[in-house]
Amino acid sequence: MRDIYSEKNLNGLVFDLIKYLYRTKDYNEERLSEDVFIYIMNKRYYVDDKKTNFKLLNIPVCIEENVKMEDYFEFCNKKTLTLSMDSRLNEYLYYYDVPGCKEVADKISEIFKKHGFYYDFGSNWYSIAEPI
């Protein structure tokens, strides 16, 4: 049985999310990765052309070290992932009333499930990965 909390699996979850969000555009033709921050293993990941320090298949990713998610969230699971969404993605997952929201929500769920997790909301602007 695989360890869903392994660094390899958690990094896989982060990178799969980033790839999907970067490649998917919203109803205004903006990338869903815009203003999405992923906190995991004392790191923060986000897409940023100006602060890029890592390339993921030509996706400009910024990875910040020594970032404690508990400094940003009232409720979080330090063993897993917290996804901050002050963005259009929030509308797709939380409000569920925009064009294409079902497809986006289903794909996000599929990505989490692939890595042994589901997502649940900590509030209306962030979600937490929990084991299945």
Side-chain angles (χ1 to χ4, degrees):
M1 186 166 143
R2 72 180 172 153
D3 177 11
I4 63 170
Y5 295 108
S6 72
E7 185 173 347
K8 180 179 178 183
N9 188 53
L10 292 171
N11 278 332
L13 174 56
V14 170
F15 295 146
D16 284 350
L17 285 169
I18 288 172
K19 286 186 283 189
Y20 173 71
L21 295 173
Y22 185 78
R23 293 177 179 150
T24 305
K25 294 192 178 179
D26 66 13
Y27 53 86
N28 285 330
E29 292 300 310
E30 294 177 16
R31 296 181 192 280
L32 284 180
S33 58
E34 187 73 27
D35 293 322
V36 172
F37 298 88
I38 302 171
Y39 297 81
I40 196 164
M41 299 176 299
N42 291 321
K43 296 178 187 176
R44 177 172 39 205
Y45 297 77
Y46 56 97
V47 174
D48 190 319
D49 291 327
K50 295 176 182 85
K51 294 183 178 181
T52 301
N53 59 10
F54 181 79
K55 286 284 190 179
L56 175 66
L57 303 173
N58 292 323
I59 301 171
V61 178
C62 180
I63 303 173
E64 295 178 349
E65 302 277 346
N66 301 313
V67 177
K68 296 180 182 177
M69 67 175 78
E70 59 269 24
D71 290 344
Y72 296 89
F73 305 101
E74 183 178 358
F75 303 105
C76 60
N77 180 345
K78 291 186 251 184
K79 283 180 67 174
T80 184
L81 174 146
T82 300
L83 182 71
S84 170
M85 309 167 292
D86 189 14
S87 66
R88 187 80 69 206
L89 180 60
N90 186 26
E91 293 177 40
Y92 279 84
L93 298 181
Y94 191 76
Y95 298 109
Y96 219 66
D97 64 351
V98 294
C101 64
K102 182 177 181 342
E103 292 81 8
V104 170
D106 287 350
K107 183 61 179 178
I108 297 288
S109 291
E110 182 183 306
I111 292 169
F112 274 88
K113 186 175 182 180
K114 172 184 172 186
H115 295 279
F117 295 96
Y118 72 94
Y119 68 89
D120 198 3
F121 291 99
S123 77
N124 67 340
W125 60 273
Y126 74 95
S127 66
I128 302 168
E130 295 293 342
I132 295 175

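- Contact annotation: the side chain of Pro60 never approaches that of Asp48 to less than 4.5 Å [non-hydrogen atoms, C-beta and beyond].
- Within the 4.5 Å cutoff, no side-chain heavy atoms of Leu89 are placed close to those of Tyr94.
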Side-chain donor-acceptor pairs of residues 29-37 under 3.5 Å, sequence neighbours excluded:
{"residue": "Arg31", "atom": "NH1", "partner": "Tyr22", "partner atom": "O", "Å": "2.8"}

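- The side-chain hydrogen bond (donor to acceptor under 3.5 Å, both in side chains) test applied to Tyr46 returns Glu64, not counting sequence neighbours.
- The shortest side-chain heavy-atom distance between Glu65 and Asn42 does not fall under the 4.5 Å cut-off.
- For the pair Ile108 and Tyr119, the minimum side-chain heavy-atom distance is below 4.5 Å.
- The distance from the CG atom of Leu81 to the CD atom of Glu130 is 10.5 Å, given to the nearest 0.5 Å.
- Considering only residues two or more places apart in sequence or on other chains, Tyr27 meets the side-chain hydrogen bond (donor to acceptor under 3.5 Å, both in side chains) condition with Arg88, Glu91.
- One finds the CZ atom of Phe112 at 10.5 Å from the CD1 atom of Ile132 (value rounded to the nearest 0.5 Å).
- Two residues are said to be in side-chain contact when any heavy atoms from C-beta on lie closer than 4.5 Å; Leu93 and Met85 meet this criterion.
- Separation of atoms CE (Met41) and CE (Met69) is listed at 9.0 Å; rounding is to 0.5 Å.
- Identified under the side chain to side chain donor-acceptor pair (under 3.5 Å) test for residues 51-63, with sequence neighbours left out: none.
- Here the side chain of Thr24 pairs no donor or acceptor atom with the backbone of Leu21 at under 3.5 angstrom.
- Residue pairs meeting the salt bridge (charged side-chain N to carboxylate O under 4.0 Å, His left out) criterion with at least one partner in residues 98-113, sequence neighbours excluded, are Lys102-Asp106, Lys107-Glu110.
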Sequence neighbours left out, cut at 3.5 Å: what donor-acceptor pairs do the side chains of residues 8-17 make with other protein atoms?
{"residue": "Asn9", "atom": "OD1", "partner": "Arg2", "partner atom": "NH1", "Å": "3.2"}
{"residue": "Asn9", "atom": "OD1", "partner": "His115", "partner atom": "ND1", "Å": "3.0"}
{"residue": "Asn9", "atom": "ND2", "partner": "Ile4", "partner atom": "O", "Å": "2.8"}
{"residue": "Asn9", "atom": "ND2", "partner": "His115", "partner atom": "O", "Å": "2.9"}
{"residue": "Asn11", "atom": "OD1", "partner": "Tyr45", "partner atom": "OH", "Å": "3.2"}
{"residue": "Asn11", "atom": "ND2", "partner": "Glu7", "partner atom": "O", "Å": "3.3"}
{"residue": "Asp16", "atom": "OD2", "partner": "Lys114", "partner atom": "NZ", "Å": "2.9"}
{"residue": "Asp16", "atom": "OD2", "partner": "His115", "partner atom": "NE2", "Å": "2.7"}

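- Residues satisfying the salt bridge (charged side-chain N to carboxylate O under 4.0 Å, His left out) test with Lys78, not counting sequence neighbours, are none.
- Taking the ring pair (Phe, Tyr, Trp, His ring centres under 6.0 Å) definition, one finds that Tyr39 meets it with Tyr72, Phe73, sequence neighbours left out.
- Atom SG of Cys62 sits about 12.5 Å away from atom NZ of Lys50, to the nearest 0.5 Å.
- Every residue meeting the ring pair (Phe, Tyr, Trp, His ring centres under 6.0 Å) condition with Tyr5, not counting sequence neighbours, appears here in chain and number order: Phe117.
- For the pair Ile40/Thr82, no side-chain contact is recorded, criterion being any heavy-atom separation below 4.5 Å from C-beta on.
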